[in-house]
Amino acid sequence: MKKGTWRKVFTSITSVAVVGSLLLPSMAQPVSADRGVVDLWKSIKPLTTIASAMNTGAHPDDEHSAMLAYLSLGRGVNTLSVIANRGEGGQNEIGSELGNALGIIRSRELQEASKITNVTLGMLSEQINDPIFDFGFSKSPDETLQKWGDSVVYERLIRKIRELRPDVVIPSFLNEESTHGHHRAINVITVRAFKDAANPEVFPEHLKNGLQPWQIKKLYLPANDKDYNVAVPVGDYDEIYGASYVQLGEESRFMHKSQGMGRHVDEGPSFNYYKLNSAVKSEKENDFFDGIAFSFDDLAKEIEAKGKDNKVIKDLRALHKDAEEVVKAYPVFSDVAREVQEMKADVETAVSDVKASTLDASVKTDLLYRLQVKDDQLNKAGMEASSLVVKVKPETGEIVAGQTVKMVVSAYSGGKNNLKNVELGLNVPEGWTTKAVGNTKFDQLSYNKTVSATFEVQVPKNAVEFQVYQPSVVSADLLYQLNNVSGKIRVTPSNQVAVLPAFAMSLSPEATVLNTLKTEEPLPVKVTVRNYSPGATKTSISLNVPKDWNVTPASQEVNFAAKGETKPVTFQVKAPAGTAVGKYTVTAVATSGEVTSKENVQIIDYPHIGKTYLIQPAELKIQAFDLKVPTGLKVGYVSSGFDNIDQYLTQFGVNVTKLDDKAIQSADLSQYDTIVLGIRAYGFRPELLSSNQRLLSYVENGGNLVVQYHKPEDKWKPELAPYPIKIGEPLIQWRVTDENSKVTMLAPDHPIFTTPNKITDADWNNWIQDRSAYNPSEWGKEYTQLISNGDAGEKEFTGTFLSAKYGKGTYTYSSLVWYREIPNLVPGSIRLFVNMISLKQ
């Protein structure tokens, strides 16, 4: 939202702990045509209903976007999306980030997608390296829940349901064998939660923390057009948005750029289908909310049926009328602002009357929760109707513990209403101190005027460093009165405010191999130091190395003239003779007076999600094992952008050249002993298709071509290979997910298993996250089947690793997940990959 991000904070007005949930502080959005009257409508439509619906999924991009757009933007339903993990185990179509860095990207994409559809987010994964981690593809919900911790993930889901109190819950997937185990697991626990969230004996600690049991009224599952209860008309066209709901949903899906999501959909009727699974009471079903109170008037009728509390009934009917008046005033901003303030006053009255009523405690809790949600929505509507732009601008978003920084909070009015008793405030964590420099209170704020307040913020020396999945550490409040009714707006900075280490160190390489055949060769370690301290400073850089290892020099002093400056220093690390096979760690340390830093700050910055940071130890991971690499081996690497294997090959002593489009199209390919195509390269390097015959001729003339796995949608065709290779479909059935599964070498005497490294059964140990993906289902008889592999109890695949002579050269196709194994320094994968690229004719 261009007017400063709205972060919903449910201030408790009952004993219920009500928590709004966003993933991360939002980033600045460019001005676009979707503003003004469209944003105003988006903010007032929710005032017309008190109903809520929750969609549950496993990964970012699992949400039913079209259905969510229909409920939220079309009907104004308080729409919630609860996602289990951060997507750390997925692939990345916009960069080489994997693991936690990819999880951050996908989380931010999910937040931006949800802003488009006006959806409130809840995440079950709460921190980096959370137990609820995307560990890669799973075929079993039992395996998923075992790895996540059944009680951990279930407690968090029940807690979210009790916090957000949805009337209707809809998991995104069915518990079917053809479905990802993570998706199946969320289905299993969502179905289980229908009863358990209402049971006070399930996670009773929630009640001690102010939450109350909550009975979901209906649970729906995805269905098809042959067997369903509700057909959601996502193809309906909304004139205000100028799009259908499925188009609006796809607009949000385009934000999932790292996963290649989003598609263009033509106008016209279409439906999403859902089948009722459980309900508090059975009835004919045509709509999610049949038999459920949808408006304030419906709530009034429910209480009226109990024959008491006429004052509350009157309040609810007044709110129903208020909502109608707000909508009727649209699109005249000043009129909408007036009606919004009148509705806010009536919400305050209703809250007071509900608290004083003789209603049952559970009914009171429910009414007070819904009134609090409405008050939050009214604050947002008031901001839009008054055309208020509230901002908080720190002089810098990159701060260090102990620093004093100025922050400016400003409010601009673009509306015709004259706001009274305006007050600006700044919120900071406990232990931080703020001091206003000048006025924070103003008698009024009128059209085209701005008021601002400056605060000096002292960050304590023991301040907690930036935690990427926590809400912004800084927020600002605007308090005002319009028509004698108070309004409140809370915003976060448009860019991250992050407490960072005084000195951040990145080590190059970040991970490497110590060849136990050549321990006499020192490992060069480059440490690039970035200064985040304000102004000129200096620090001493040293390396902590394993016992009996040697590092020269012992330390190096680095002087900085200004914040943000970077400087490199280089060390030589030498392992002792006879170093055992195993894992070792080298850590960089920066010392400056009382300040010690041992972290690296990875900056993650993309236009669609903005800038954020991942703080992690400043370490070099070393895997020691024996590795033979042919002298002078020259490799051309064609990267799809999804892996960085070429960088590791260079570390191992291979002469690697990254091939660009011109090289592929016209360079002399015969200069390379081997050419390697990265995963899914044909889908993202279009020149490969037109140059495929050049590659085949390269092989025919004696070259060694290695092709890593592809999906059919990567423009892969069987005839791209010298002898046809067809990828198995559906893809979910043609992969091996157990990294510890048995592997049998079918051709143990093949050079890939003998030269220059002797491959044994031990080389298949300690792999991570999968064995193989998107295995071929058919291939030419000319190929040698190198291995068989499969998950326990399933048929083994023999097309995972194929190699064939073609002319004078060799063509090898492999579905093994090299791009995960090699950066994680899995010894067997490295030895085997070196053999594969070392094939001699």
Is there a side-chain contact between [X] and [Y] in this structure, where contact means two heavy atoms from C-beta onward sitting under 4.5 Å apart?
| X | Y | value |
| --- | --- | --- |
| K218 | F194 | no |
| V351 | L368 | yes |
| K374 | L47 | yes |
| P222 | S172 | no |

Which residues satisfy the salt bridge (Lys or Arg N to Asp or Glu O under 4.0 Å) test with [X], sequence neighbours excluded?
| X | value |
| --- | --- |
| E348 | none |
| D134 | none |
| K217 | D167 |

Ion pair present between [X] and [Y], side-chain N to carboxylate O less than 4.0 angstrom?
| X | Y | result |
| --- | --- | --- |
| E112 | K115 | yes |
| R106 | E109 | no |
| E126 | R156 | yes |

Note to self: Treating T190 as the side-chain partner and P171 as the backbone partner, does any N or O pair qualify as donor plus acceptor under 3.5 Å?
What the structure shows: no
Next item on the list: Ignoring hydrogens and angles, tell me if any N or O in the side chain of D290 forms a donor-acceptor pair with the backbone of E285 under 3.5 Å.
Entry: no
Item checked: side chain to side chain donor-acceptor pair (under 3.5 Å) partners of Y412, counting only residues at least two apart -> N448
Checklist line | By side chain to side chain donor-acceptor pair (under 3.5 Å) - contacts of D287 (at least two apart) | finding: R75
Next item on the list: Could you list all the ring pair (Phe, Tyr, Trp, His ring centres under 6.0 Å) pairs where at least one residue sits in residues 42-69, not counting sequence neighbours?
Entry: H59-H180, H59-H182, H59-H183, H64-Y274
Partner set under side-chain contact (heavy atoms from CB on, under 4.5 Å) for [X], not counting sequence neighbours:
| X | value |
| --- | --- |
| E302 | A293, L299 |
| Y606 | I94, E97, I105, I604, H608, I609 |
| N277 | V191, L219, L221 |
| S386 | A337, L388, N417, L419, L482 |

Next item on the list: Verify whether one side chain among E63 and H256 offers a donor that lies under 3.5 Å from an acceptor in the other.
Entry: yes
Margin query: Looking only at the side chains, is there a donor atom on one of N495 and K393 sitting less than 3.5 Å from an acceptor on the other?
Written below: no
Next item on the list: Not counting sequence neighbours, list each pair that qualifies as a salt bridge (charged side-chain N to carboxylate O under 4.0 Å, His left out) and has a residue in residues 183-197.
Entry: D150-R192
With a cut-off of 3.5 Å and sequence neighbours excluded, list every side-chain donor-acceptor pair involving residues 319-326.
{"from": "H320", "atom 1": "ND1", "to": "D297", "atom 2": "N", "distance (Å)": "3.4"}
{"from": "H320", "atom 1": "NE2", "to": "E324", "atom 2": "OE2", "distance (Å)": "3.4"}

Notebook entry, point to check: Under the 6.0 Å and 45° cation-pi test, does R86 pair with F133?
Noted result: no
Next item on the list: First locate atom NZ of K380, then atom CD1 of I44, and finally report the distance between them rounded to the nearest 0.5 Å.
Entry: 12.5 Å
Next item on the list: Would you check, one step at a time, whether the test side-chain hydrogen bond (donor to acceptor under 3.5 Å, both in side chains) holds for S252 with T117?
Entry: CA-CA 7 Å; S252 76; T117 49; 4.8 Å; no
Check: Does the ring centre of Y330 sit less than 6.0 Å away from the ring centre of W41?
Finding: yes
